[in-house]
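Any value given below was found using the heavy atoms of this structure, including those in side chains, with hydrogens, waters and symmetry copies removed. Numbering starts at 1 and runs along the sequence shown.
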Amino acid sequence: QAIRDALDHHAYCVVVTEDCVEQALADLKRQPCLAVTDSQIFGSVAKIIPDSIPLTSFSILLARMKGDLATCAAGAEVIRDLQDGAKVLIAEACTHHPAEEDIGRVKLPRWIREFTGKDISFTVVSGPDFPDDLSSYDLVIHCGACTFNRRAVLTRILRCKEAGVPFTNYGVAIACVKGILPRTMSPFKTEKNPGDPQK
């Protein structure tokens with residue numbers, strides 16, 4: 001979707017694997033106006049991409065396109081304040097067979113526990129299995145929802161707001177625990193409502 005959008009706007013789009021980033025940057029005659037990465041490798045890519053190049057992730061772009069980026073950014077900040085015994089809901093839009101190092105079931109919980117140093121409880125749901133009662137959760141972290149339309153994501157965000165539960169998504173949460181949240185939000189800092197895909 002990101003490549004298609006870049007092409008539709010007559011932009012150059014260079015796609016490389018993580019091990020080729022440095023060489024790709026060296027080969028370019030001018031500096032890219034934006035770097036987009038998979039959120040799972042934020043930590044390593046952020047060290048390679050110079051600070052002069054805005055950096056974000058596909059998941060953060062999805063948060064902006066399908067949901068409300070400002071809400072996700074505010075929700076990610078809550079991670080810093082999670083305490084022992086906190087309950088976090090991990091919600092995935094699609095159903096899939098979990099990989100050994102599954103992002104929602106393994107990596108994200110591990111990174112959040114390492115970041116906070118707290119004993120946090122994680123519950124994972126997928127597909128339509130989104131709890132009717134969200135009141136027992138301290139935070140909801142949603143996947144990028146590439147298989148959902150915007151209305152479906154906004155409905156889940158609204159339900160969280162009504163229950164008083166902060167909401168964020170994978171990419172924004174990962175940026176927070178990797179210590180680069182302000183940098184990954186910088187491409188959208190001039191927008192009045194970074195959650196509006198029309199801006």
Distance-only donor-acceptor hits, side chain of residues 136-146, under 3.5 Å, sequence neighbours excluded:
unit_1, atom_1, unit_2, atom_2, d
S136, OG, K87, NZ, 3.4
D138, OD2, K87, N, 2.7
H142, NE2, R156, NH1, 2.9

Handout entry: Inter-residue atom distance C176.SG - M185.CE, 0.5 Å rounding
Key = 10.0 Å
Handout entry: L82 CG to K118 NZ distance, which is reported to the nearest 0.5 Å
Key = 10.0 Å
Practice task
Measure from the side-chain N and O atoms of S59 to the backbone N and O of G171, and report whether any donor-acceptor pair falls under 3.5 Å.
Solution key: yes
Problem - Separation of K161 NZ from L134 CG (nearest 0.5 Å) - result: 14.0 Å
Exercise for the section: Considering only NZ, NE, NH1 and NH2 on the basic side and carboxylate oxygens on the acidic side, decide whether K107 and D102 come within less than 4.0 Å. Expected result: no
Exercise for the section: Answer yes or no: is there a donor N or O on one side and an acceptor on the other, between the side chain of R113 and the main chain of I120, under 3.5 Å? Expected result: yes
Problem - Flag side-chain contact, heavy atom, 4.5 Å: T56 against T37 - result: no
Problem - Check: L61 and D5 side chains under 4.5 Å, non-hydrogen atoms - result: no
Practice task
Enter the distance from F148:CZ to T155:OG1 here, rounded to the nearest 0.5 Å.
Solution key: 10.0 Å
Problem - N/O donor-acceptor pair under 3.5 Å between R105 side chain and V124 backbone - result: no
Practice task
Is it possible for you to say whether L7 and V16 belong to one hydrophobic cluster, with membership spreading through side-chain heavy-atom contacts below 4.5 Å?
Solution key: no
Practice task
Report yes if some heavy atom in the side chain of V177 is under 4.5 Å from a heavy atom in the side chain of E114; otherwise report no.
Solution key: no
Exercise for the section: Please check if I3 and F58 belong to a single hydrophobic cluster, counting links between Ile, Leu, Val, Met, Phe, Trp and Tyr side chain heavy atoms closer than 4.5 Å. Expected result: no
Handout entry: hydrophobic_cluster_shared for I53 and I60, side chain cutoff 4.5 Å
Key = yes
Exercise for the section: Report yes or no: does R80 contribute a side-chain atom to a donor-acceptor pair with the main-chain N or O of T116 at less than 3.5 Å? Expected result: no
Exercise for the section: Measure the spacing between CD of E162 and CD1 of I157 and express it to the nearest 0.5 Å. Expected result: 12.5 Å
Problem - Main-chain N/O of C72 paired to T168 side chain as donor or acceptor, under 3.5 Å - result: yes
Practice task
Determine whether S57 and T184 make a side-chain contact, defined as any pair of heavy atoms from C-beta on separated by less than 4.5 Å.
Solution key: no
Practice task
Report yes or no: do F188 and F167 belong to one cluster of Ile/Leu/Val/Met/Phe/Trp/Tyr joined by side chain heavy-atom distances under 4.5 Å?
Solution key: no
Handout entry: Linked, directly or transitively: W111 and L89 (ILVMFWY side chains, under 4.5 Å)
Key = no
Exercise for the section: Step by step, work out the side-chain contact (heavy atoms from CB on, under 4.5 Å) result for Y170 and E92. Expected result: CA-CA 10 Å; Y170 284 15; E92 297 178 335; 3.1 Å; yes
